[in-house]
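Residue numbers start from 1 in every chain, and the chains themselves are labelled A, B, ... in the order their sequence lines are given, proteins ahead of strands. As the structure is a computational prediction, the values presented were derived from the model and not from experiment.
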Amino acid sequence: MRRPASLVLLALAVFCAALAPLLRYYAYPRLAKVPPGQYMATVLEARDATLIDYATLQPRQVAKVSMVQTVKGDARQARKIKDATGRDVVVWDTLTYVAGPDGAMVSRIPERYVFDAHSQQPVHTGGEQIDGTPVRHEGIEYKWPFQVRKHDYQYFDLMTRTAAPIHYGGTRTFHGLRVYYFEQTVPWTRVPVPRTLPLGVTPETVRQLGLERWYTTKRMFWVDPTTGSPVNGEELHREEMRWTGHPEKKPITAFAGDVRMRPDYVDSVVHLVKTQRQLLLLLTDYVPGGCTGLGAALLALALVLDGRARRDRCAFGPGVAQDGENTRMGDPRPRASLSEGGSP
Amino acid sequence: MRALAAAAIGLAAALALVLALTAIGPPDSGTSPKPLLSSIPAHP
């Protein structure tokens with residue numbers, strides 16, 4: 001390779017060829033992370049649900065129960081943990097606020113969840129809690145890791161405070177997105193009574209009445225595999241107050257309903273995910289793919305240019321000047337045919 | 001020899017770009033001033 005143009009093209013070809021795997025396998029795992037200061041609210045609703053009336057301890061049918069889930073990243077705390085451990089972590093303070101048809105509070109459960117910003121694996125650095133009780137998170141919660149795989153995951157349940165498998169159930173299309181469907185069934189399990197309930201009811205009050213809280217749910221998520229963000233969620237959720245030590249007594253239904261994401265929030269999340277996934281695809285697919293193709297094309301061009309240069313040199317011989325002027329003795333070939341750059 | 005040097009320049013440039021990108025990283029946002037919601041928002 002002697003022509004400057006060939007050398008420049010070769011350098012660009014190597015640049016592109018090297019950039020493709022470096023972006024995909026070096027930059028992407030380091031750059032793809034959950035931002036520490038993320039704030040997001042999601043509203044879910046259960047229409048025609050059953051809800052306990054704490055004044056009479058009787059279940060009643062209500063038109064609608066709303067569940068507001070807010071997630072707020074504590075960026076300052078995340079920075080402190082990073083300084084101490086060297087790990088990129090996310091500290092989420094969440095609140096699950098349930099409201100009755102009149103908007104009045106039914107229950108509120110705060111949580112602190114600390115996890116690795118890249119892998120979504122829980123990080124146990126202290127401060128994890130649910131409803132004021134220290135817990136140890138296991139598995140994933142709220143969000144899947146980037147590049148979701150088609151297999152089961154361990155999913156943490158806020159109510160039972162344990163992790164259980166959430167099963168991959170196939171690929172679906174949802175609002176124009178190709179998503180992975182996951183499903184988890186939590187069997188009837190005794191769970192703690194929330195500290196904040198209506199009418200000043202406390203866990204102690206419930207215990208004194210001889211009641212305990214049981215819960216079961218079938219949880220469904222539609223997850224974008226690129227970002228790991230659920231774009232839709234639904235729960236067939238049931239809660240009962242059971243009489244402690246009296247299995248023969250009829251339990252009181254505390255809540256029963258099909259909880260679904262409110263349509264305007266589905267649209268909002270889908271829009272956000274569609275934007276975010278493009279940024280990730282730039283690093284994993286678009287730029288590496290484009291660079292590979294461009295690198296191959298540039299290399300081919302460099303080789304063609306170099307090949308032509310070599311042919312020209314062979315045709316003219318060592319004594320032929322670049323402008324085609326024949327300086328060799330006894331060469332009868334006309335000048336024009338050589339200057340066209342064709343084969344000798 | 002010049003071809004090797006050109007290839008090395010291309011490789012070094014790619015490495016430098018990727019290392020710079022990862023060193024800068026994505027922008028870190030601060031904690032949002034918005035509260036954890038204890039009412040039902042009208043819209044997202």
Side-chain angles (χ1 to χ4, degrees), chain A residues 1-2 6-20 22-23 26-27 30-33 35-39 41-43 45 66 68-79 88 93-95 97 99 103 105 108 110 262 264-265 267-269 271-272 279 291 295 302 306, chain B:
Chain A
M1 292 239 172
R2 290 181 185 172
S6 303
L7 292 171
V8 170
L9 288 174
L10 177 68
L12 287 173
V14 173
F15 173 80
C16 290
L19 194 61
L22 280 171
L23 277 178
Y26 182 84
R30 286 161 180 80
L31 293 174
K33 63 176 187 178
Q38 190 167 18
Y39 179 91
T42 310
V43 177
E45 289 178 343
S66 302
V68 186
Q69 274 186 339
T70 322
V71 164
K72 179 175 169 174
D74 186 339
R76 197 171 162 186
Q77 187 62 24
R79 210 169 296 120
D88 265 332
D93 289 317
T94 78
L95 180 65
Y97 181 87
M105 188 264 291
R108 64 188 306 278
R262 212 167 76 185
D264 53 346
Y265 276 87
D267 292 342
S268 166
V269 171
H271 175 73
L272 180 70
L279 294 174
C291 277
D306 192 57
Chain B
M1 193 63 198
R2 281 194 284 180
L4 268 178
I9 289 169
L11 185 61
L15 270 172
L17 177 65
V18 168
L19 288 175
L21 269 178
T22 50
I24 295 165
D28 274 0
S29 51
T31 305
S32 169
K34 294 181 197 168
L36 294 167
L37 299 179
S38 50
S39 60
I40 304 161
H43 51 79

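Interface remark: of the candidates A:Gly103, A:Gly73, A:Cys16, A:Gly73 forms the most heavy-atom pairs closer than 4.5 Å to chain B. When the candidates A:Val71, A:Leu22, A:Val8, A:Val43 are compared by the number of heavy-atom contacts under 4.5 Å with chain B, A:Leu22 comes out ahead. Ranked by heavy-atom pairs under 4.5 Å with chain B, the list A:Ala11, A:Ala41, A:Ala17 is led by A:Ala11. When each of A:Arg108, A:Arg79, A:Lys33 is scored by its heavy-atom pairs under 4.5 Å with chain B, the top score falls to A:Lys33. Taking chain B as the reference chain and counting heavy-atom pairs below 4.5 Å, the highest number among A:Arg262, A:Arg30, A:Gln69 is found for A:Arg262.
In this structure a side-chain-to-backbone donor-acceptor pair under 3.5 Å is present from A:Tyr265 to B:His43. With hydrogens and angles ignored, the 3.5 Å screen pairs no side-chain donor or acceptor of A:Tyr26 with any backbone N or O of B:Leu19. Not a single donor-acceptor pair under 3.5 Å links the side chain of A:Ser268 to the backbone N or O of B:Pro44. Side-chain N or O atoms of A:Lys72 include one that pairs as donor or acceptor with a backbone N or O of B:Ser32 at under 3.5 Å.
B:Ile40 touches chain A through backbone and side chain together, each having a heavy atom under 4.5 Å away. Heavy atoms of B:Pro41 lying under 4.5 Å from chain A belong to its backbone as well as its side chain. For B:Ile24, no part lies under 4.5 angstrom from a heavy atom of chain A. There is no contact between A:Leu12 and chain B, counting heavy-atom distances below 4.5 Å. Contact of A:Ala27 with chain B is made through backbone and side chain together, with heavy-atom distances under 4.5 Å. Interface remark: B:Ser39 contributes backbone atoms only to the contact with chain A (heavy atom separation under 4.5 Å). No part of B:Ala16 comes within reach of chain A, as not one of its non-hydrogen atoms sits under 4.5 angstrom from that chain.
The structure places OG of B:Ser29 at 8.0 Å from CD of A:Gln38, a figure rounded to the nearest 0.5 Å. For the atom pair OG1 (A:Thr42) and CG (B:Leu37), the distance works out to 10.0 Å, reported to the nearest 0.5 Å.
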Worksheet entry | Step-by-step side chain to side chain contact (heavy atoms under 4.5 Å, CB included) determination, A:Tyr97 to B:Leu36 | CA-CA 9 Å; A:Tyr97 181 87; B:Leu36 294 167; over 6 Å; no

Item to complete: List the steps, then state whether side chain to side chain contact (heavy atoms under 4.5 Å, CB included) holds for A:Leu23 with B:Leu21.
Response: CA-CA 9 Å; A:Leu23 277 178; B:Leu21 269 178; 4.1 Å; yes

